[in-house]
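One structure is given here, and the rest of the page talks about it.
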Amino acid sequence: TPAWRPPTDVFEIEDAFVVRVEVAGMREDDISIHIEGRLLVVRGVRLDTMERRAYHQMEIPFGEFILEVELTAAIITDEVEAGYKDGFLRIYLPKARPKTIPIEEK
């Protein structure tokens, strides 16, 4: 069972969906991104520090997380981009454009 869920923003611009996930303190190797149809799945593990002390306050979650975002339109999976900077994972998911099929007279 996932231990926590990172704060996440999902918004839509004209030609894409953008997902921004706050995962400070993690490395790119700790995170995986998959697309299953219209479902974006982000998984990761934030490892706890080795130093154990008598905590006076503990608010930073550690352990495994799974984040699922259902998209409302089809996307172009070959053009999805992801970047990690300043503690934020940003995923750019371009929307698929409807294809018009011309009707030929036969």
Side-chain angles (χ1 to χ4, degrees):
T1 303
W4 63 290
R5 180 184 165 113
T8 304
D9 292 338
V10 180
F11 58 94
E12 187 173 349
I13 56 178
E14 184 178 334
D15 61 343
F17 296 100
V18 179
V19 177
R20 192 170 67 151
V21 185
E22 183 184 335
V23 286
M26 296 180 68
R27 299 170 307 160
E28 291 89 347
D29 294 343
D30 298 332
I31 305 165
S32 68
I33 303 167
H34 301 281
I35 298 171
E36 301 167 4
R38 289 189 181 179
L39 186 67
L40 171 70
V41 180
V42 180
R43 294 176 180 263
V45 176
R46 182 186 288 158
L47 301 176
D48 197 353
T49 59
M50 295 304 292
E51 53 189 31
R52 286 287 184 183
R53 301 190 180 183
Y55 283 97
H56 293 260
Q57 181 173 335
M58 185 173 178
E59 295 182 2
I60 300 171
F62 292 94
E64 180 182 0
F65 73 86
I66 298 174
L67 172 67
E68 295 181 336
V69 177
E70 188 170 350
L71 305 169
T72 58
I75 60 166
I76 306 169
T77 57
D78 293 341
E79 295 180 16
V80 172
E81 298 176 359
Y84 182 57
K85 183 178 179 184
D86 297 331
F88 288 93
L89 173 65
R90 185 177 187 276
I91 307 168
Y92 177 83
L93 305 129
K95 296 178 197 172
R97 302 269 185 228
K99 182 177 179 180
T100 303
I101 310 295
I103 301 173
E104 298 177 18
E105 192 173 320
K106 291 191 176 193

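The chain is numbered in sequence order, starting from 1. This one's a predicted model, so the numbers in the text were calculated from it and none came from an experiment.
At least one donor-acceptor pair under 3.5 Å links the side chain of Arg46 to the backbone N or O of Ala24. Side-chain N or O atoms of Thr8 include one that pairs as donor or acceptor with a backbone N or O of Pro6 at under 3.5 Å.
A cation-pi arrangement, defined by a distance under 6.0 Å to the six-membered ring centre and an angle within 45 degrees of its axis, is absent between Arg5 and Phe65.
A 4.5 Å side-chain heavy-atom check between Val69 and Val42 finds every atom pair outside the cut-off. The side-chain heavy atoms of Val41 and Arg43, taken from C-beta on, include a pair separated by under 4.5 Å. Annotation: side chain of Tyr84 is in contact with side chain of Val23 (closest heavy-atom distance under 4.5 Å). Between Val18 and Arg90, the closest side-chain pair of non-hydrogen atoms falls below 4.5 Å. At a threshold of 4.5 Å between non-hydrogen side-chain atoms, the residues Thr72 and Phe17 count as touching. Ile91 has its side chain within reach of Val80: a pair of non-hydrogen atoms, C-beta onward, lies under 4.5 Å apart.
Taking the charged nitrogens against the carboxylate oxygens, Glu12 and Lys95 do have a contact shorter than 4.0 Å, which makes a salt bridge.
The structure places CZ of Arg27 at 4.5 Å from CG of Asp30, a figure rounded to the nearest 0.5 Å.
Closest heavy-atom contact between Phe62 and Trp4: O-CD1, 3.6 Å. Closest heavy-atom contact between Pro94 and Ala16: CA-CB, 3.8 Å. Nearest heavy atom pair, residue Ala3 against residue Gly63, reads CB-CA, 4.3 Å.
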Inset, instruction - Kindly determine whether Asp15 and Tyr92 satisfy side-chain contact (heavy atoms from CB on, under 4.5 Å), including the steps that lead there. - result: CA-CA 10 Å; Asp15 61 343; Tyr92 177 83; 3.2 Å; yes
Inset, instruction - For Leu40 and Leu93, run side-chain contact (heavy atoms from CB on, under 4.5 Å): C-alpha distance rounded to whole Å, both residues' side-chain angles, the deciding distance at 0.1 Å, then the answer. - result: CA-CA 9 Å; Leu40 171 70; Leu93 305 129; 4.2 Å; yes
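Within 6.0 Å of the CD1 atom in Ile76, the count of heavy atoms belonging to other residues, nucleotides or ligands exceeds 12.
Transitive grouping of hydrophobic side chains (ILVMFWY, heavy atoms separated by less than 4.5 Å) brings Ile35 and Ile31 into a common cluster. Hydrophobic clustering (ILVMFWY, side-chain heavy atoms < 4.5 Å, transitive): Val21 and Ile33 are in one cluster.
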